[in-house]
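Residue numbers begin at 1 in each chain, while the letters A, B, ... track the order of the sequences.
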Number of protein chains: 2
Amino acid sequence: MSYVTLEDIARQVHKSVATVSQVLNGKDGNGIRVGKETREKILKVSRELNYRPNYNARQLVTKGTKVIGLLIPDIMQMFFNEVTYHLSRRLSTAGYDLLLAHSYEDPVPEKREIETILSRRVDGIVVAPACGKENIPLFKEISDSGVPLVLMDRYFSGESFYSVTTDDVQGSYELFKHIVSRGAGRIAFISGNPDTSVTMERLEGYRLALEEAGIPYRGDLVIKSGYFQKDGYERAKTLIQSGKIQECDAVSGVNDSVALGILEALWEAGLKVPEDILVSGYGDERFSGYLGCPLTTVRQPASEVADRTYSLLMDVIKGRDVLTKDIKVSCSLRIRESTDGS
Amino acid sequence: MSYVTLEDIARQVHKSVATVSQVLNGKDGNGIRVGKETREKILKVSRELNYRPNYNARQLVTKGTKVIGLLIPDIMQMFFNEVTYHLSRRLSTAGYDLLLAHSYEDPVPEKREIETILSRRVDGIVVAPACGKENIPLFKEISDSGVPLVLMDRYFSGESFYSVTTDDVQGSYELFKHIVSRGAGRIAFISGNPDTSVTMERLEGYRLALEEAGIPYRGDLVIKSGYFQKDGYERAKTLIQSGKIQECDAVSGVNDSVALGILEALWEAGLKVPEDILVSGYGDERFSGYLGCPLTTVRQPASEVADRTYSLLMDVIKGRDVLTKDIKVSCSLRIRESTDGS
DNA sequence: TTGAAAGCGCTAACAC
DNA sequence: GTGTTAGCGCTTTCAA
């Protein structure tokens with residue numbers, strides 16, 4: 001329960017705490033400062049005693065913790081799962097630890113978590129903001145106060161935070177261009193909250209693709225909902241029950257979970273995908289390629305997002321010049337059976 | 001970059017640091033100790049200044065960090081993903097933060113991560129040990145030294161650590177009982193390292209089920225391999241090429257990833273599941289129910305494992321009496337098409 | 001080549 | 001009600 005301290009070692013080797021500290025930090029220019037004998041004795045004793053430096057005490061004087069805070073809505077979402085994995089990997093090779101916190105898509109816990117992360121004096125913070133703008137002032141405050149902050153996956157338009165996001169306008173545009181090319185002109189889009197950058201961008205890609213094809217935008221086919229499987233299921237069911245499904249050549253979900261719900265509802269109603277109707281998602285979840293009817297979707301490059309986030313964060317931490325404050329990485333289309341009759 | 005300190009506040013309100021500390025910790029019995037006016041002034045100023053206590057400084061005197069270290073092989077594995085999610089949730093409601101680290105199934109980074117976690121003076125550690133016994137002495141040392149440690153998902157037989165694991169003997173037994181009941185007597189089992197508790201237990205369930213059915217155990221049908229999709233693929237392919245597949249009624253993977261590889265290989269060879277041969281996995285990955293041929297598998301209750309781990313850890317931390325040092329939670333069979341012709 | 005001393009931000013015991 | 005003091009474990013001048 002009680003750890004060995006520098007003083008314990010110092011006492012054993014009859015040297016001062018300062019000397020022990022020097023040796024154990026390798027800051028003595030490797031033997032220039034401390035005598036070979038004492039250094040070896042110190043090393044030996046510290047090993048025998050299982051000395052483990054107290055990083056908390058250290059931060060008090062060095063001002064650094066070598067900890068990065070990561071705040072995400074939900075690690076069960078494939079994309080965040082992957083990003084966390086890759087970011088953790090990067091960070092640990094660079095000697096950083098990862099403090100992981102969840103916002104559950106809710107600004108209230110988000111704020112609370114940010115506060116405790118700051119109280120731990122992390123060297124930097126990565127956050128994938130929860131939907132909603134409530135915490136923008138907080139993000140501003142902390143980045144103004146000089147704490148390295150990088151937004152990930154989502155951003156706030158009009159604000160100038162460091163951010164790494166996927167180019168969902170491009171991804172979505174390509175997706176819908178493909179669907180249109182399959183002969184589908186009337187495409188229902190079950191989307192999330194249009195306040196969030198995620199929904200906004202995917203909707204924009206939808207709009208662009210239709211416009212380019214000369215297909216009029218029909219507001220009644222764009223259905224606001226949530227981001228979960230049940231949301232897709234319920235909205236699709238409504239579409240079916242109201243008979244509006246007859247007017248649709250395709251139904252798209254704002255993400256793969258929603259698309260999975262859509263598939264369920266369609267199957268339940270005896271509709272065949274892709275024969276009767278096309279379906280698509282977004283995000284390329286782990287299950288998407290293995291569904292009874294493999295799902296056409298857009299792959300967001302999680303590992304690239306993690307890498308870019310890492311580099312950007314390090315640039316900010318080290319005070320290096322940053323060329324682009326908001327980095328966008330592009331997505332790639334995954335065409336599968338759900339939109340591909342052939 | 002520089003944070004507000006108690007002293008900054010003290011100076012502004014013309015009170016001592018001690019008083020400010022009292023107020024901000026709510027340790028003054030709510031006004032008993034500190035005057036109403038001063039308390040309010042302190043609260044106000046601390047808010048204005050965006051005061052955020054330095055938890056590192058605090059730990060130096062209180063000896064507590066309110067941080068729990070979690071060390072897992074790989075968060076991309078569904079089971080660890082879920083456990084992390086639920087554990088994080090539990091911990092944050094209890095006011096703890098989560099320090100997440102990866103071992104990548106390798107004892108070397110595992111040891112390194114343990115060391116830095118300890119140097120951060122966490123209040124407790126949860127680890128799902130990497131395969132291999134190399135770090136048992138380390139685990140012993142830290143738990144002997146009084147640091148609350150709970151092993152999760154995997155344990156070391158013969159050692160007396162606190163642990164929460166799934167009862168894979170039972171899960172596996174039920175799985176193979178089911179397969180035998182489907183008329184399959186000759187079951188190939190593509191397993192991992194029999195040194196690990198995971199493989200050992202699943203193999204034991206296999207053995208038990210066969211024994212019960214009076215089916216002789218055939219060593220040549222138990223194939224040692226790894227834990228990944230490619231391992232299942234390669235071993236199944238060997239089985240096919242050697243013609244031994246003819247002697248098998250079923251092929252089982254030590255987990256779902258391996259089973260997925262098996263399916264691939266079988267399909268590639270033109271074999272039909274479950275008509276020609278049965279297949280099963282273990283772990284109920286997210287994709288397993290949605291495969292072209294939905295996979296029979298065993299569900300490990302991640303959220304229950306997380307809950308039990310949390311409770312056990314808290315018991316250890318608070319020094320409460322613990323009734324069972326090694327908790328086992330039971331698994332449930334998920335019968336799907338891959339073993340169910342009907 | 002080494003040590004003394006100061007100080008990081010905070011809490012807790014005790015005195016006033 | 002409030003302040004003084006000591007000390008947590010460490011790093012970092014500066015002096016010897």
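Annotation: side chain of B/Glu82 is not in contact with side chain of B/Tyr85 (no heavy-atom distance under 4.5 Å). The closest side-chain heavy-atom distance from B/Asn54 to A/Gln59 is below 4.5 Å.
For the OP1/OP2 pair of C/dG3 and a distance below 4.0 Å, the side-chain nitrogens and oxygens of A/Thr19 include at least one atom meeting the criterion. For B/Ser21 and C/dT11, the shortest distance from a side-chain N or O to OP1 or OP2 is below 4.0 Å.
In this structure, A/His14 places its NE2 atom 14 Å from P of C/dT2, rounding to the nearest Å. Between the P atom of C/dT1 and the NZ atom of A/Lys15 lies a distance of 11 Å, rounded to the nearest Å. The interatomic distance linking B/Tyr55 (OH) with C/dG9 (P) rounds to 17 Å, in whole Å. Following rounding to the nearest Å, B/Asn25 (CG) and C/dG9 (C1') show an atom-to-atom distance of 12 Å. Here D/dT11 presents its P atom at 9 Å from CD of A/Gln22, a figure rounded to the nearest Å. In this structure, B/Lys41 places its NZ atom 17 Å from P of D/dG1, rounding to the nearest Å. Between B/Ile42 atom CD1 and C/dC10 atom P the separation is 13 Å, expressed in whole Å.
Shown are B/Lys140, B/Arg154, B/Lys325; of these, the salt bridge (Lys or Arg N to Asp or Glu O under 4.0 Å) with B/Glu159 is made only by B/Lys140. Among A/Lys133, A/Glu134, A/Arg112, the single residue meeting the side chain to side chain contact (heavy atoms under 4.5 Å, CB included) criterion with A/Pro107 is A/Glu134.
Remark: the B/Thr65 side chain and the A/Asn56 side chain contain no N/O donor-acceptor pair separated by less than 3.5 Å.
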Inset, instruction - Kindly indicate, with the supporting measurements, whether the criterion side chain to side chain contact (heavy atoms under 4.5 Å, CB included) is fulfilled by A/Ile117 and A/Val127. - result: CA-CA 11 Å; A/Ile117 288 175; A/Val127 20; over 6 Å; no
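Among the nucleotides D/dT11, C/dG3, C/dA13, the one closest to any side-chain atom of A/Val17 is D/dT11.
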Identify the pairs formed between an N or O of the protein and an N or O of nucleotides 6-9 of chain D at a distance under 3.5 Å, and give each distance.
residue : atom : partner : partner atom : Å
D/dC8   : O3'  : B/Lys63 : NZ           : 2.9
D/dG9   : OP1  : B/Lys63 : NZ           : 3.4
D/dG9   : N2   : A/Ala57 : O            : 3.3

